[in-house]
Structures are given as C-alpha cells and as structure tokens.
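Okay, structure first, notes after.
No experiment lies behind these values; they were computed from the predicted model shown.
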Amino acid sequence: MLDPKFILSHLDSVKKGVQDKRQSFDFVLLDQLDAQRRQCQHEYDALRAQQNQVSLEIVALQKGESHNGVSPKANKETTTLLGEMKGVSSRLKELALSQSEAEAALRSLLLTIPNLAHESVPVGADASFNKEIRKWGKPSQFDFKIKDHADIGEALGILDVARAAKIAGARFTLYKGFGARLERALAQFMLDLHTEKHGYLEILPPYLANEKALVGTGMLPKFEGDLFKTREGYYLIPTAEVPLTNMYQEEILSEEDLPIRVTAHTPCFRAEAGAAGKDTKGLIRQHQFNKVELMKYTTPETSYAELEKLVADAEKVLQLLELPYRVMLLSTGDMSFASAKTYDLEVWFPTQKTYREISSCSNFEDFQARRANIRFKPKDGGKPRYVHTLNGSGLAIGRTVAALLENGQQPDGSLRIPKALQPYLGGLQVFIKS
RNA sequence: GGAGAGGUGGCCGAGUGGUUGAAGGCGCUAGUCUCGAAAACUAGUAUGCCCGCAAGGGUAUCGAGGGUUCGAAUCCCUCCCUCUCCGCCA
C-alpha cells in the first residue's frame, strides 16, 4: 500500500510508476475519497469538541443542583442543553458513518494500487526487458541423449505423477523412496546453511492463514484466484512469506532488533488458475510444493544492501549444489504487484536449453509494512517508521530436485549427488535404481 | 464441540456511566547527587487522524464491531482471541 498523501502530492510520477507496472487505478476517485474523509473528520472533531465541552457544563450544573437543592434556573438550563446535545449527537453519528465509509472505500482503493519500482529497475513491458546481472557455472555438457527430469524421476522410480493424480488430480506429484528422501535432505541442507552460516532464525509457522494476513502481503484482495481457501475461511499459504511477514503485524519493533532475518521450510499451495497449459509436465508448476523461504525486516536505509545479501544467500545454495544459474533483474512489467525490486535466480535446465526461475528475491520497501502495519521505533527517538520487508526463496525445493535430476544425470541412468548434499543422504555419491 | 474465566498503556495492575489517555508499581530515558556506579530524588516516557510553517491545538483509541445515553474503559448485543476443565483427536 502506498501513502495516499504521497500519491496525491506526486501524482505524475505515481501515474507513470503504475503504468510501468502495467496496472491502473482511479486517481480522481482517490482524490475525492480523501477529500471526503478529511471534511468529515474536520466537522466531526469540531462537533465532538463542543459536545465534550457541554458535557462538562452539564456536570457542573447538576452538581449545583444537588448542592443547593433543585434550582429552577439550572434545571431549565440543563434541559435546554440536553435538547441541543441530542441534535449534536445524531449529527455526529451521521458524520462518523460517512467518514468510516470514505475511509473504507479509500483503503480498498489503495489496496489495489501496485508498489512502485525502484529507480534501478529497468522499465519494460515484459520479461524480455529483464536484465542479466551475472552468471555462475557453465551449462552442463552431455555426450548422450538426455532425459527431462519427469522422465528421469519415473525411470528411477522416485516420482509418480499418475498415482498422485489418483489422490488429488493434475499438478501434484508423489515422491517415493529416494525421491522423498532427496526432498527432505534438500530442506535440511538449506535450513542448516541459512541458520548456521547466514544468520537466519528458523521458524515453523502455521500453513493456514487468515484473510488479514493475505492482505498484509498483497495477495488479497487482488489475487484471490491464485489461492486455495478452506470452508472455514482459512487460506492455504501460497508461500511462507505470508506467515513470516505477518508475525509482526500491528507491532512497533525497536531499531536495535533490526534487521530481523527469518527462514522457514513450508509447503506452498497455489491454485494458479491462469497458468493452465504452461509447464504441464514435471515438477515445475505444481499446486503443492515445498520451499525454504528467507525473509528480512530492515530499516529503510539498509534494505537494498540487505537485498543484495539475501540474493547472495540464495545463490550460495545453488553454488553448493553445483547447479549453473544466472541472476536476472526483473523489469517493471515482469515484477510482482507488491515488489519494488526483484532479482530472480534462474537455474539451468539442459533439456529445455534454458534457465528457469528457482528463486525470486524482492524488496517490498514499506509496501507490505504499511498494509500489515509493521513499524519500528528509531534509535534516536522520534515517530515510529515503517520497516522494509524483503523475502526470497532459498530455494524452491521441487524445482531444485528437478534441476538436480536434469543436471546430474549420467549415461547409465544413475544420478550424481553434489558433495554438499551427500552428508544429508548418508554419504551417497551416486544414486542408482536398485 | 460443551462449561467456565478473562482480554486496560512496553510489562504488571486499579478502575462499573461524567476532566480517566487512563491511579499505582515495574521497566526505560534525561537531570540532580557521586571520583564513578548503585540507591534516592525530580522530570519525561503510546499511537492514528485533522488544523498549523512551527510552537501548539482539536479529536479518537481500554480485543474488534454495533447499540443505549447529552456523555461509555465502565451498561447491552454480536464476533475474535487467551486461559482452565470436559469431550474428540495426530
């Protein structure tokens, strides 16, 4: 959510920023609602002040009565005042109602306005304007006919899509044996790395969240269609970003506590109605997948430096897993609704001869903090300020499995295990179907 | 799911219709004192909105929302959350 004051005082640049994000909204309505809200508040405050004042007079008059016996004059005055105040009281009710209507309308409008991109973000309509920042590793070379990860998984007997479909339907996968263990090992490996080497606190949050939490991170009200919702009104989390960001909802933190770095391994649930037809094969696009998430709360002054570190933390996972990747800076048209700056990590998929997203690291600045009302008290005193929130995948585990299968396949159908992961798999160096 | 108890400022805790944004205590900050510290004493110590260049002023907030009333932390209703006991359950 953006600050309405900021929007109205920087109309032109906000309009351009919203356009760059390929979105739109009604600026005129915003102005009207804000004016309405302000006017109601003005009249309300003045009337309230009068009411409070007269209230005291009534008390004084009544005291006078009880002290001197019933004075006819005071009694009459009191009656007159009470009559007047009755009118004031009902007018106040009208004002309060119209003010809260204006405020509600204003807020729901504000909630649909996207975050503005940071000045360092390339402006462009779509992914073709994304900028490659750096590459790591060399795309794997194979001198035999390679298989995609779905076929490898079936051949090794570790992934079973057909049976998953019997349980749930399309876009689910059943992991078996080594497959299940590999997924578990990766989660452990990533969590250990981030908690022991990168300074994150491990969190195990609820996997269901309420509506307010989803509004706080920006998934609601605009993207309800991407979410699974339970009969009881809970949402299945589409990412651990939701619980991790809402942990400190409605709180004022101390500057001394910042930055706060947390990580969580959770399943993620995505309805993604609009994605039908893309990536239908394999682990790339699923209704349920596991992810280790990284999340930070920082001061505004440090958030961009922390974003670079966050990206580096996620990259470290790929490096240790010996997976070739590149870092992309997303253009305005390809970024998400809530983000001010996003780097994607893309891992090499040899069968597709291309890099595919495996992590998305974003600085949301105060966009989420404003929605979820997360602030901090500055060290040197002064008003509370909104924190900046950042998050990134470190990494999406399903896609990591896919990348390991494709990049680690060997002519005899066996699978090479990267050294860093071997301790988590009982020292196994190569997996061969038994 | 059933029965009961409760939700007040950073924390503890008083407060059942009229200067109560809220006693008291703790904590924290500053000052006095001290060689320094502790103790003691003094002062300060929430957040939103509106008006204002500012100083400052107004207004709201005692889990949330509604109602009664000239006036609500206090009375009524609905909802949420926490705790205890029972039931169910991994």
Side-chain angles (χ1 to χ4, degrees), chain A residues 1-9 30-67 74-111 204-216 230-235 243 246-258 260 267 366 369-387:
Chain A
M1 187 160 72
L2 301 174
D3 180 2
K5 278 183 200 152
F6 176 85
I7 297 175
L8 292 170
S9 59
L30 178 80
D31 195 17
Q32 278 172 1
L33 289 172
D34 190 56
Q36 187 190 339
R37 175 192 65 88
R38 190 183 321 239
Q39 210 209 313
C40 289
Q41 169 102 44
H42 204 59
E43 196 182 336
Y44 181 87
D45 283 359
L47 265 186
R48 258 305 219 178
Q50 184 193 346
Q51 190 184 50
N52 287 338
Q53 188 60 39
V54 173
S55 228
L56 294 181
E57 287 173 30
I58 290 173
V59 175
L61 284 171
Q62 285 175 341
K63 270 199 184 136
E65 286 172 28
S66 58
H67 278 284
N75 192 17
K76 200 176 160 199
E77 265 182 64
T78 309
T79 313
T80 312
L81 283 177
L82 287 181
E84 278 174 28
M85 285 303 101
K86 201 142 193 157
V88 170
S89 181
S90 67
R91 176 63 186 152
L92 277 171
K93 277 203 179 106
E94 289 169 25
L95 284 169
L97 183 68
S98 107
Q99 184 179 347
S100 66
E101 278 170 3
E103 274 170 3
L106 185 64
R107 179 168 168 87
S108 54
L109 179 62
L110 286 169
L111 287 176
L204 202 164
Y207 302 155
L208 299 182
N210 59 32
E211 183 180 328
K212 190 177 179 194
L214 275 296
V215 170
T230 74
R231 212 174 25 184
E232 293 80 3
Y234 295 109
Y235 292 86
N246 282 285
M247 278 171 36
Y248 294 114
Q249 185 196 92
E250 307 287 340
E251 290 194 40
I252 300 175
L253 308 165
S254 304
E255 182 167 355
E256 287 76 19
D257 296 336
L258 303 177
I260 293 172
D366 64 6
R370 210 177 277 281
R371 290 172 159 243
N373 200 21
I374 308 166
R375 292 170 293 175
F376 72 96
K377 193 99 178 153
K379 247 192 297 220
D380 51 13
K383 293 266 147 206
R385 304 169 64 198
Y386 288 107
V387 299

Item to check | Residue matched to B/rC53 through Watson-Crick or wobble contacts both under 3.5 angstrom | outcome: none
Checklist entry - Given the P atoms of B/rG36 and B/rG44, what is the spacing between them in whole Å? => result 26 Å
Checklist entry - Using purine N1 to pyrimidine N3 plus N6-O4 or O6-N4 for Watson-Crick, or N1-O2 and O6-N3 for G-U wobble, both under 3.5 Å, which nucleotide pairs with B/rC33? => result none
Next on the checklist: Can you check the distance between B/rC79 and B/rG4, where both ends of the measurement are the P atom (answer in whole Å)?
Outcome noted: 15 Å
So which protein nitrogen or oxygen atoms get under 3.5 Å of nucleotides 70-74 of chain B's nitrogens or oxygens?
| residue | atom | partner | partner atom | Å |
| --- | --- | --- | --- | --- |
| B/rC70 | OP1 | A/Lys86 | NZ | 3.4 |
| B/rC70 | OP2 | A/Lys86 | NZ | 3.3 |
| B/rG71 | OP1 | A/Ser89 | OG | 2.6 |

Checklist entry - Taking the P atom of each, how far is B/rC75 from B/rU8, in whole Å? => result 16 Å
Item to check | Shortest side-chain distance from A/Asp45, nucleotide among B/rG18, B/rU47, B/rC50 | outcome: B/rC50
Next on the checklist: Tell me the interatomic distance from A/Met1, atom CE, to B/rG48, atom C1', rounded to whole angstroms.
Outcome noted: 12 Å
Checklist entry - Going through the checks in order, is the side-chain contact (heavy atoms from CB on, under 4.5 Å) test met by A/Tyr248 and A/Val387? => result CA-CA 11 Å; A/Tyr248 294 114; A/Val387 299; over 6 Å; no
Shorter than 3.5 Å, N or O on both sides, protein versus nucleotides 9-12 of chain B: list them out with atom names.
none

Next on the checklist: Applying side-chain contact (heavy atoms from CB on, under 4.5 Å) to A/Leu106 and A/Glu103, what does each step give before you reach the verdict?
Outcome noted: CA-CA 5 Å; A/Leu106 185 64; A/Glu103 274 170 3; 5.5 Å; no
Item to check | Atom-to-atom span, CZ of A/Arg107 to P of B/rC49 - whole angstrom | outcome: 13 Å
Checklist entry - What are the two closest non-hydrogen atoms of A/Phe376 and A/Tyr386, and how far apart are they? => result CE2-O, 3.6 Å
Next on the checklist: Whole angstroms only, please: what is the CD-P distance between A/Gln99 and B/rG66?
Outcome noted: 12 Å
Item to check | Beyond-backbone contact of A/Leu110 with A/Ile7, side-chain heavy atoms, under 4.5 angstrom | outcome: yes
Checklist entry - What does B/rC75 pair with, Watson-Crick or G-U, if both distances are under 3.5 Å? => result B/rG67
Checklist outcome for this item: As its Watson-Crick or G-U partner within any shown strand, both distances under 3.5 Å, B/rA14 has none
Item to check | Position toward the 5' end of RNA chain B (nearest nucleotide), A/Lys5 or A/Tyr44 | outcome: A/Lys5
Next on the checklist: What is the distance, to the nearest angstrom, from the CG atom on A/Leu92 to the C1' atom on B/rC50?
Outcome noted: 15 Å
Item to check | Rounded interatomic separation in angstrom, taking CG from A/Asn373 and C1' from B/rU47 | outcome: 9 Å
Item to check | Any-strand Watson-Crick or G-U partner of B/rA60, both distances under 3.5 Å | outcome: B/rU47
Checklist entry - Considering only the C1' atoms, how many Å lie between B/rC11 and B/rA54, rounded to the nearest integer? => result 36 Å
Next on the checklist: Give me the distance, rounded to whole Å, that separates B/rA22 from B/rU74 when you measure between the C1' atoms they each carry.
Outcome noted: 12 Å
Checklist entry - Any sub-3.5 Å donor-acceptor pair from A/Thr230's side-chain atoms to A/Glu232's backbone N or O? => result yes
Checklist entry - In the strands shown, is B/rA90 matched to any nucleotide by a Watson-Crick or G-U wobble pair with both distances under 3.5 Å, and which? => result none
Checklist entry - Start at the 5' end of RNA chain B and walk down; is the nucleotide closest to A/Leu56 or to A/His42 reached first? => result A/Leu56
Next on the checklist: When both hydrogen-bonding distances must be under 3.5 Å and the geometry is Watson-Crick or G-U wobble, what is B/rU20 paired with, if anything?
Outcome noted: none
Item to check | A/Arg48 with A/Asp45: basic N within carboxylate O range, under 4.0 Å | outcome: no
Item to check | Length of the CG-P vector between A/Leu253 and B/rU47, whole Å | outcome: 13 Å
Checklist entry - If we call it a pair only when both distances are under 3.5 Å in a Watson-Crick or G-U wobble match, what pairs with B/rU82? => result B/rA5
Checklist entry - Ignoring hydrogens and geometry, is there a side-chain-to-backbone donor-acceptor pair from A/Ser89 to A/Met85 under 3.5 Å? => result no
Checklist entry - Rounded to the nearest 0.5 Å, what separation is found between the CZ atom of A/Arg375 and the CG atom of A/Leu253? => result 10.0 Å
Next on the checklist: Tell me the interatomic distance from A/Tyr386, atom OH, to B/rG48, atom C1', rounded to whole angstroms.
Outcome noted: 9 Å
Next on the checklist: Can you confirm whether A/Leu214 sits close enough to A/Asn246 that some side-chain heavy atom of one is under 4.5 Å from a side-chain heavy atom of the other?
Outcome noted: no
Checklist entry - In whole Å, what separates the P atom of B/rG65 from that of B/rC80? => result 15 Å
Checklist entry - Considering only the C1' atoms, how many Å lie between B/rG2 and B/rU16, rounded to the nearest integer? => result 30 Å
Checklist entry - Just how far, in rounded Å, is C1' of B/rA46 from CD of A/Glu250? => result 14 Å
Checklist entry - Which part of the nucleic acid, if any, lies within reach of A/Lys377 when heavy atoms closer than 4.0 Å are counted: base, sugar-phosphate only, or nothing? => result sugar-phosphate
Checklist entry - C1' atom, B/rG57 versus B/rA14: distance in rounded Å? => result 31 Å
Checklist outcome for this item: With sequence neighbours left out, the residues meeting side chain to side chain donor-acceptor pair (under 3.5 Å) with A/Glu43 are A/Arg91
Item to check | Side-chain (A/Arg37) to main-chain (A/Ala102) donor-acceptor, under 3.5 angstrom | outcome: no
Checklist entry - Roughly how far, to the nearest 0.5 Å, is NZ of A/Lys377 from CZ of A/Arg385? => result 13.0 Å
